[in-house]
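Before any comments, here is the structure.
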Amino acid sequence: QLQLVDSGGGEVQPGGSLRLSCSASGFTLDYYTIAWFRQAPGKEREGVSCISNSDGSTNYAYSVKGRFTISRDNAKNTVYLQMNSLKPEDAAVYYCAARNHPCPAMIAIATPTAWDSWGQGTQVTVSS
């Protein structure tokens, strides 16, 4: 099982920005498809964004499209999720996940059990 470490969460005001990082040691992240999921209290874990290992294609949940950007830095063996224009409804624990298959067609309805490895989660709080 891959060891993923996600970080970068924190507390911001509505309209603010955060950049989450997903890193790994002992293996190369660009061999894997990486997704970001989030889970708010009392809600199911939902897919937010994904970047494929095959062609680098990305997709986003409708709720974050245009505000969030997923990217890779292969030199740093890290995948980022840049989150801009944050809203209170974006508050959740964010997790990165990895698998060998490409991104699903719609990350928003992706099944968490279809992902092989997970980070420990990083808390994002959006409040005024």
What verdict does the side chain to side chain contact (heavy atoms under 4.5 Å, CB included) test give for Gln82 and Ser17, after you've listed the backbone C-alpha separation in whole Å, the side-chain angles of each residue and the deciding distance to 0.1 Å?
CA-CA 7 Å; Gln82 177 68 43; Ser17 298; 4.0 Å; yes
Residues Asp73, Tyr80; criterion side chain to side chain contact (heavy atoms under 4.5 Å, CB included); working and verdict
CA-CA 8 Å; Asp73 185 335; Tyr80 299 104; 3.7 Å; yes
To check you understand the geometry: which heavy-atom pair defines the closest contact between Leu4 and Ala24, and what is its length?
CD2-CB, 4.1 Å
Look only at the side chain of Tyr60 and the backbone of Ile70, and say whether a donor-acceptor pair between them is shorter than 3.5 Å.
yes
If I take atom CG from residue Leu20 and atom OG1 from residue Thr78, how far apart are they, to the nearest 0.5 angstrom?
12.5 Å
Spacing of CG belonging to Asp90 relative to CZ belonging to Phe68, to within rounding of 0.5 Å:
4.0 Å
Measuring from Arg19:CZ to Thr69:OG1, what's the distance to the nearest 0.5 Å?
12.0 Å
Ser52 side-chain N/O to Cys103 backbone N/O, donor-acceptor pair under 3.5 Å:
yes
Decide whether Ile34 and Ile107 are clustered together by the hydrophobic rule: side chain heavy atoms of Ile, Leu, Val, Met, Phe, Trp, Tyr closer than 4.5 Å, transitively.
no
Given Ile51, which of Leu81, Asn59, Val79 fulfils the side chain to side chain contact (heavy atoms under 4.5 Å, CB included) condition?
Val79
Greater than 12 external heavy atoms within 6.0 Å of Gln120's CD:
yes
Inter-residue atom distance Asn100.CG - Ser117.OG, 0.5 Å rounding
9.0 Å
Is there a path from Val126 to Val93 through hydrophobic residues (I, L, V, M, F, W, Y) whose side chains come within less than 4.5 Å of each other?
no
Test Asn53 against Tyr31 for side chain to side chain contact (heavy atoms under 4.5 Å, CB included), laying out the working first.
CA-CA 6 Å; Asn53 56 352; Tyr31 290 165; 5.9 Å; no
Are Trp115 and Phe37 an aromatic pair by the rule of ring centers under 6.0 Å?
yes
Using only atom types and a distance under 3.5 Å, with no angle test, would you say the side chain of Asn77 pairs donor to acceptor with the backbone of Thr28?
no
Find the distance between CG (Leu29) and CG (Leu2) and round it off to the nearest 0.5 Å.
8.0 Å
Check whether Arg72 reaches the backbone of Ala75 with its side chain - one donor and one acceptor, N or O, closer than 3.5 Å.
no
Hey, what do you get for CG (Leu18) to CE (Met83), rounding to the nearest 0.5 Å?
4.5 Å
When Arg38 is tested against each of Glu89, Glu44, Glu46 for salt bridge (Lys or Arg N to Asp or Glu O under 4.0 Å), which residue passes?
Glu46
